[in-house]
Number of protein chains: 2
Amino acid sequence: MQQCETPAAQAACSVLEVLGRVSGKWSIGILLVTTQGPARFTELERQVKGISRRMLTLTLRNLERDGLLTRTVYPTVPPKVEYTATPMARELYDSLLSLTGWAERHLHEIDRARADYDAEAAVAADGARTPALTG
Amino acid sequence: MQQCETPAAQAACSVLEVLGRVSGKWSIGILLVTTQGPARFTELERQVKGISRRMLTLTLRNLERDGLLTRTVYPTVPPKVEYTATPMARELYDSLLSLTGWAERHLHEIDRARADYDAEAAVAADGARTPALTG
DNA sequence: CCGTATCCGAAAAGATACTG
DNA sequence: CAGTATCTTTTCGGATACGG
């Protein structure tokens, strides 16, 4: 990876780029809200449950820097700042829907795989505690 | 987020689920290689540039646990272990192509946005050092 | 209201020696 | 060959006091 030479590797690099931007713990939540329409800082703080002030600011700045969000300051008192998803961000959100589809189709399968794996791991650990009953 | 009540929020939650699985620093790289065909441990260590032994093992285990990778051990000496992407993983990779497309379409735009943002930030910082020349 | 600055703990990740 | 165990470094994220 990260040499991006072959076409396939190139694709992977782009994906990694996007994921890097979007995979933060809070990015998608913010993108979601701001895609519905302009949102103010405190509004986001309430709607994106569990986010801290610090992380809200940081994530907003990053998204703004990447051109996914526009920040509009109204020089009123008290201050008013609105964040809106850019067209590019809306397009991204559409692309994410493809992932959503995959997730919905396979969530059960994944859960089952996990359960199986964990069960296997459990018996393996047990086997290690009481070894070689088959003599 | 993370209450998943409204349909839109539900979608976001699924996406977050997937991203959580796939957004690790190395997951996609591994998925890419194993989607091309079975790969052995050392092979992956070489192909996924920069990965440490530890992270390779951890990521492989997680992907296996989620049912995205199958692990096949050949009881030979020296040992031989092969990792292969499951059909579910191949499907996921197809979905990621949608993101790849978005990334390719907008990489320039993003770079420009970043440059603009950083330039703005620079002049703002400079303005703070030498304030109020406009009197 | 809208942030920034600071401090701290948790978690991720790197390096690498060691083992079946 | 294919890992595991251990130690250290780095990054991420939460709490919160303060400022325009």
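All values derive from a computational prediction rather than experimental measurement.
Across the interface with DNA chain C, nearest-nucleotide mapping of A:P78 and B:M55 shows A:P78 to be the residue nearer the 5′ end. Between A:G24 and A:P79, it is A:G24 whose nearest contact on DNA chain D lies nearer the 5' terminus.
Separating the CD atom of A:E45 from the P atom of C:dT4 is a distance of 13 Å, rounded to the nearest angstrom. Distance B:E82 CD to D:dG3 C1': 16 Å, rounded to the nearest Å. One can place OH of B:Y74 at 13 Å from P of D:dG3, the figure rounded to the nearest angstrom. What separates CD of A:E43 from P of C:dG3 is a distance of 13 Å, to the nearest Å. Atom NZ of A:K80 is separated from atom P of C:dC1 by 13 Å (rounded to the nearest Å). Summarising the geometry, the separation between CG on A:L44 and C1' on C:dC1 is reported as 13 Å, rounded to the nearest angstrom. Spacing between atom OH of A:Y83 and atom C1' of C:dC2 amounts to 8 Å, rounded to whole angstrom units. The distance between atom CZ of A:R40 and atom C1' of C:dG3, rounded to the nearest whole Å, is 13 Å.
Across every non-hydrogen atom of A:T34 and A:Y83, the tightest pair is CG2-O, 3.8 Å. Listed here is the closest heavy atom pair of A:T86 and A:G67: OG1-O, 2.9 Å. Smallest separation of non-hydrogen atoms from B:F41 and B:L56: O-CD2, 3.6 Å.
Hydrophobic clustering of Ile, Leu, Val, Met, Phe, Trp and Tyr side chains at less than 4.5 Å, counting indirect connections, keeps A:L107 apart from B:M88.
B:R54 has no side-chain polar atom (N or O) that falls below the 4.0 Å cut-off from OP1 or OP2 of C:dA15. Applying the 4.0 Å criterion to OP1 and OP2 of C:dA15, one finds that B:R53 has every side-chain N and O outside that range. A:R71 has no side-chain polar atom (N or O) that falls below the 4.0 Å cut-off from OP1 or OP2 of C:dC2. At D:dA2, one or more side-chain N or O atoms of B:T42 fall inside 4.0 Å of OP1 or OP2 (strictly under the cut-off). Between D:dG14 and A:K25, a contact under 4.0 Å exists linking OP1 or OP2 to a side-chain N or O.
Put simply, the side chain of A:R90 gets close to the backbone of A:T35: a donor and an acceptor are under 3.5 Å apart.
Within the nucleic acid shown, B:T57 comes within 4.0 Å of at least one base atom, counting heavy atoms only.
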